[in-house]
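Here is the naming used below: chain letters follow the sequence lines, and residue numbers restart at 1 for every chain.
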Protein chains: 2
Amino acid sequence: MGTGEAWASVDFNSRDPVYLQVVRHFKEQIATGKLQAGQVIPSRRELGTLMKINPNTAQKAYKEMEEQQLIVTEGNSPSRITGDEEVLRAIRSELIGEAVDAFVASVRKVNVPVEELLDLVRSKYTEETNRQPKSDGGGTSGDQS
Amino acid sequence: MGTGEAWASVDFNSRDPVYLQVVRHFKEQIATGKLQAGQVIPSRRELGTLMKINPNTAQKAYKEMEEQQLIVTEGNSPSRITGDEEVLRAIRSELIGEAVDAFVASVRKVNVPVEELLDLVRSKYTEETNRQPKSDGGGTSGDQS
DNA sequence: GTAAGTGTATTATCGCGATAATACACCAGC
DNA sequence: GCTGGTGTATTATCGCGATAATACACTTAC
């Protein structure tokens, strides 16, 4: 009930493959403790219904997670989150690391002063219900190749 | 790369459409001042050769840039970077803003303390040729290409 | 004027992710 | 024992980006 089923109302972007976004979503649920070791997860068909995706796509995501040791499936009993705490712990670092990597790689090519960058991240990360139409009025001109 | 033609040796990822990565590359070149207002850019066929992509993909990228007012083309004379300084100035903010947005959105779901996050960004952004075999105890067996 | 290069457009093929429709072996409940 | 649910697998179709091979109007160079 109030728990807000961890696998509903996920909005997919049209860029990345859906099955990978599903995997990522599960990793996020694990990283934030909403999914825990040994916990049962929905069947492929059920997840397809819940997430409004094709069961085959759900199967592909589960297969991927299976290969990444995130979930385990014995016979035809429902799949569960792995009990390997080592694997579970690593997920958080993996998610954060990937995000930081992508971000830094993306922004390195634009030559942004570190402090300006950190400020931007801080404000955007901190603002919860706020909305700024635009930041950076152009005072960021201290740039040279 | 002393001469360093601004449109060579660009490594594409296999995730995003190539033509969009080309557009992004041009934006980065503009944002860092390597491409300036009015400057002539290679023809579609030439860019195809330089970037080792199909001329049609180059055309698609140019068409996209044309629609975004990044470049202008009169008749069949070579396309040039727009002279609209307003547009040019906006690019830098756009690139940074998008990167920050994506990063924050990506990392918000994992519930990371701000300071930890900023530290990670700072170290990764600062490190030039350094490599840390171990960072957070997570053996991220990287496989997500 | 001819040739070469330009921007532009069209058509076809390929790969891949998503979807769809099944099919099959397995196990639980009644 | 039959039904329904499970995990698993196969085949086909669709969309889209990338590639490929042209085609055409235009302009510049010679």
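Counting only distance, with no hydrogens or angles, the side chain of B:E66 and the backbone of B:T73 share a donor-acceptor pair below 3.5 Å. Of the possible polar contacts, one joining the A:T49 side chain to the A:R45 backbone as a donor-acceptor pair under 3.5 Å is found.
Comparing B:P78 and A:N56 against DNA chain C, the residue whose closest nucleotide sits nearer the 5' end is B:P78.
In this structure, the CD atom of A:E46 is 14 Å from the C1' atom of D:dG4, given to the nearest Å. What separates OH of B:Y19 from P of D:dT19 is a distance of 13 Å, to the nearest Å. Computed from coordinates, the B:L47 CG to C:dG7 C1' distance equals 14 Å when rounded to whole Å. Remark: C1' of D:dT19 and CZ of B:F12 are 14 Å apart, rounded to the nearest angstrom. The separation between B:Q59 atom CD and C:dT10 atom P is 11 Å, rounded to whole Å. D:dG17 atom C1' lies 12 Å from atom CD1 of B:I53, rounded to whole Å. Between A:E64 atom CD and D:dT8 atom C1' there is a gap of 17 Å when expressed in whole angstrom units. Separating the CG atom of B:N13 from the P atom of D:dG17 is a distance of 15 Å, rounded to the nearest angstrom.
OP1 or OP2 of C:dG7 has not a single side-chain nitrogen or oxygen of B:T73 nearer than 4.0 Å. In terms of phosphate contacts, B:R44 brings a side-chain nitrogen or oxygen within less than 4.0 Å of OP1 or OP2 of C:dT8. Considering only side-chain N and O atoms, B:K63 lies under 4.0 angstrom from the phosphate OP1 or OP2 of C:dA9. The side chain of B:R45 places no N or O atom within less than 4.0 Å of a non-bridging phosphate oxygen (OP1 or OP2) of C:dG5. Close to D:dT6, at under 4.0 Å from its OP1 or OP2, lies a side-chain N or O of A:S43.
The side chain of B:P17 sits closest to D:dG17 out of C:dC24, D:dG17, C:dG17. Nearest nucleotide to the side chain of B:N54, out of C:dT8, D:dT19, D:dT8: D:dT19. Relative to the side chain of A:K60, the nucleotides C:dG7, C:dG17, D:dG7 differ in distance, and C:dG17 lies closest.
Taking a cutoff of 4.0 Å between a charged side-chain nitrogen and a carboxylate oxygen, A:E85 and A:R89 do not qualify as a salt bridge. Salt bridge annotation for B:E64-B:K60: absent, with no cationic side-chain nitrogen under 4.0 angstrom from a carboxylate oxygen.
B:T32 and B:R92 share no donor-acceptor pair across their side chains, judged by distance under 3.5 Å alone. Side chains of A:T57 and A:R44: no donor on one and acceptor on the other come within 3.5 Å.
For A:N13, the side chain to side chain donor-acceptor pair (under 3.5 Å) criterion is met by A:D16, A:Q21, not counting sequence neighbours.
Closest approach of A:L70 and A:I91 over heavy atoms only: CD2-CD1, 3.1 Å.
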Pairs under 3.5 angstrom, nitrogen or oxygen only, protein versus nucleotides 27-30 of chain C, please.
from, atom 1, to, atom 2, distance (Å)
C:dC27, O4', A:N76, ND2, 3.1

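No engagement by B:Y62 is indicated, since no non-hydrogen atom pair under 4.0 Å with the nucleic acid exists.
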